[in-house]
Amino acid sequence: MRRVAKRMSETLSLGVLDLVPRLNDATAEQALQQSVTLAQHAEAWGYARYWTSEHHDMAELASASPEVLLSHIGARTTTIQLGSGAVLLPHYSPLKVAESFRLLAALYPGRIELGLGRAPGGGPHATMALSGNYLQHVSKLSESLAALTELLEDRYMYEDHPVTARPIPKLPLSLWMLGTNVKSAEFAARFGMGYVFGQFMSDADGTEAVRRYREGFIPSATMKEPEVMVAVSVLCAESETDAMAWSRDMAERRKADGKEHSTEPNPGTDSVSVSRTNDSAITDDHNEAARHYAGTPEQVWSQLQQVSLRLDAERLLLVTAGPDYERRLDSYRLLAEHETAIVQ
């Protein structure tokens with residue numbers, strides 16, 4: 001495993017958002033081992049964070065429990081930040097989420113980032129089997145977020161009795177909301193969380209959502225200033241021809257298999273789970289530039305810089321499916337090596 005200098009850029013901080021795909025009919029065991037390999041290489045190449053998602057009853061994805069996978073990966077890495085992209089809060093008790101991630105924060109001090117979402121993360125039957133009436137739960141998200149933030153700040157009361165989410169880590173975890181429009185941005189601002197704009201899931205460019213987040217941000221005990229990340233879909237290759245061909249191939253395969261999964265809780269509302277990759281957008285000329293960046297390292301890096309400048313966001317999460325695991329890994333490596341000429 002080749003190592004590059006830790007700081008990839010003075011202006012950009014890159015991270016990995018891993019959907020844990022089962023590429024080319026890989027088993028769940030193989031897909032999970034590939035996620036470990038990706039996290040280890042990302043750490044060695046200087047990526048700042050590794051985040052993973054939550055999905056339910058989706059045959060092509062292999063992670064339904066981010067906290068379990070993060071615990072496993074934390075034991076096999078040493079410095080990289082570990083986060084969820086995202087824990088789908090409407091399904092769960094805020095106390096249980098707080099306890100699970102505080103336990104992770106105690107195991108891996110200073111490394112844990114709790115990303116929250118409000119999409120179902122699966123089809124209707126899986127959603128109902130998981131938590132019953134999802135729409136009822138998501139309508140109470142504001143109350144759940146209030147309870148979760150109070151638990152993480154040790155000021156939660158239940159029937160006038162204090163309840164503490166234990167264990168209490170020495171170093172607090174950071175709290176983020178993922179989303180694709182102003183609804184999630186407003187939640188993040190109201191509760192003093194960081195905001196992750198899911199560009200790879202959205203036709204919007206994020207400008208309005210990020211503006212509303214920054215303007216409405218209320219400082220919290222854990223975050224004093226608004227902080228923004230952007231999640232984008234990328235595929236890097238040595239040549240532009242290869243990158244574009246592989247991207248088209250991935251899009252055509254997903255379209256043929258009927259594996260595009262909507263993340264919308266209901267029409268007109270925000271979606272915040274990464275329940276699908278955005279390869280299908282490559283076949284749409286209008287959406288391609290906004291959703292998926294394919295090309296050489298130089299070309300992709302230039303596009304990432306444009307995103308960073310447009311949204312004034314130095315931290316980017318990269319979603320890369322790839323036609324196979326080797327080329328997925330190569331895509332992350334090429335970007336890291338493009339920015340860092342010094343090989344350790």
Side-chain angles (χ1 to χ4, degrees), residues 1 15-22 26-45 47-58 61-117 121-122 130-131 144 148-149 151-152 154 164-178 193-194 196 222 229 231 272-275 317-319 325 328-329 332:
M1 187 186 304
V16 172
L17 178 53
D18 183 12
L19 309 189
V20 198
R22 294 178 56 228
T27 65
E29 290 83 357
Q30 290 169 330
L32 290 164
Q33 182 54 52
Q34 288 294 333
S35 290
V36 175
T37 298
L38 173 58
Q40 291 172 328
H41 279 81
E43 180 175 75
W45 292 331
Y47 283 84
R49 53 186 40 85
Y50 171 92
W51 283 28
T52 189
S53 57
E54 174 185 337
H55 300 93
H56 300 283
D57 193 23
M58 291 189 178
L61 301 174
S63 179
S65 180
E67 61 269 33
V68 173
L69 181 54
L70 292 175
S71 184
H72 181 69
I73 287 177
R76 286 154 180 79
T77 54
T78 57
T79 59
I80 195 167
Q81 298 290 110
L82 303 171
S84 56
V87 167
L88 305 178
L89 186 59
H91 288 307
Y92 308 114
S93 156
L95 176 60
K96 182 59 177 175
V97 173
E99 288 175 335
S100 296
F101 275 79
R102 276 192 155 185
L103 177 56
L104 282 172
L107 286 169
Y108 309 111
R111 297 177 62 191
I112 301 302
E113 300 173 323
L114 172 52
L116 302 170
L130 180 62
S131 64
S144 294
L148 181 61
T149 53
L151 283 160
L152 294 176
D154 297 315
T164 302
R166 301 181 188 276
I168 302 175
K170 290 184 178 180
L171 297 176
L173 54 88
S174 64
L175 195 57
W176 297 79
M177 173 65 77
L178 284 77
M193 307 175 185
V196 183
T222 57
M229 280 195 269
V272 296
S273 171
V274 286
S275 297
L317 286 170
L318 308 185
V319 183
Y325 292 116
R328 179 176 75 151
L329 204 59
Y332 285 107

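Counting begins at 1 with the first residue of the sequence.
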So, does [X] use its side chain to make a donor-acceptor pair with the main chain of [Y] at under 3.5 Å?
X	Y	value
T222	S174	no
E54	G121	no
Y47	L317	no

Minimum-distance pair of heavy atoms, taken over all atoms of [X] and [Y]:
X	Y	result
P21	R328	CD-NH1, 3.5 Å
A98	A165	CB-CB, 3.7 Å
H91	S131	ND1-OG, 2.6 Å
T164	R102	CG2-NH1, 4.4 Å
A42	V16	CB-CG2, 3.8 Å
L130	H56	CD2-NE2, 3.5 Å

Is there a side-chain contact between [X] and [Y], using heavy atoms and a 4.5 Å cut-off?
X	Y	value
L329	W45	yes
S71	Y108	yes
H41	Y332	no
T149	M193	yes
E99	L95	yes

Check this for me: D154, atom CG, are more than 12 non-hydrogen atoms of other residues, nucleotides or ligands nearer than 6.0 Å?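 Yes, enclosed.
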Which is it for L70 and F101 under the side-chain contact (heavy atoms from CB on, under 4.5 Å) test, yes or no, and what are the steps along the way? CA-CA 10 Å; L70 292 175; F101 275 79; 4.2 Å; yes
Nearest 0.5 Å, please: how far is [atom2] in [Y] from [atom1] in [X]?
X	Y	atom1	atom2	result
L88	L116	CG	CG	9.0 Å
R49	E43	CZ	CD	13.5 Å
L107	I112	CG	CD1	8.0 Å
I73	T37	CD1	OG1	9.5 Å
H72	Q33	NE2	CD	6.0 Å
L148	K96	CG	NZ	13.5 Å

Using the side-chain contact (heavy atoms from CB on, under 4.5 Å) rule, pick out the option among L104, L82, L114 that qualifies with L173.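 Of the listed residues L104, L82, L114, the side-chain contact (heavy atoms from CB on, under 4.5 Å) partner of L173 is L114.
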Residue that, paired with Y50, satisfies side-chain contact (heavy atoms from CB on, under 4.5 Å) out of T77, L69, L17: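 Only one of T77, L69, L17 forms a side-chain contact (heavy atoms from CB on, under 4.5 Å) with Y50, namely L69.
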side-chain hydrogen bond (donor to acceptor under 3.5 Å, both in side chains) evaluation trace for E113 with W51: CA-CA 8 Å; E113 300 173 323; W51 283 28; 2.7 Å; yes
Take S84 and E67, measure what side-chain hydrogen bond (donor to acceptor under 3.5 Å, both in side chains) needs, and give me the verdict at the end. CA-CA 7 Å; S84 56; E67 61 269 33; over 6 Å; no
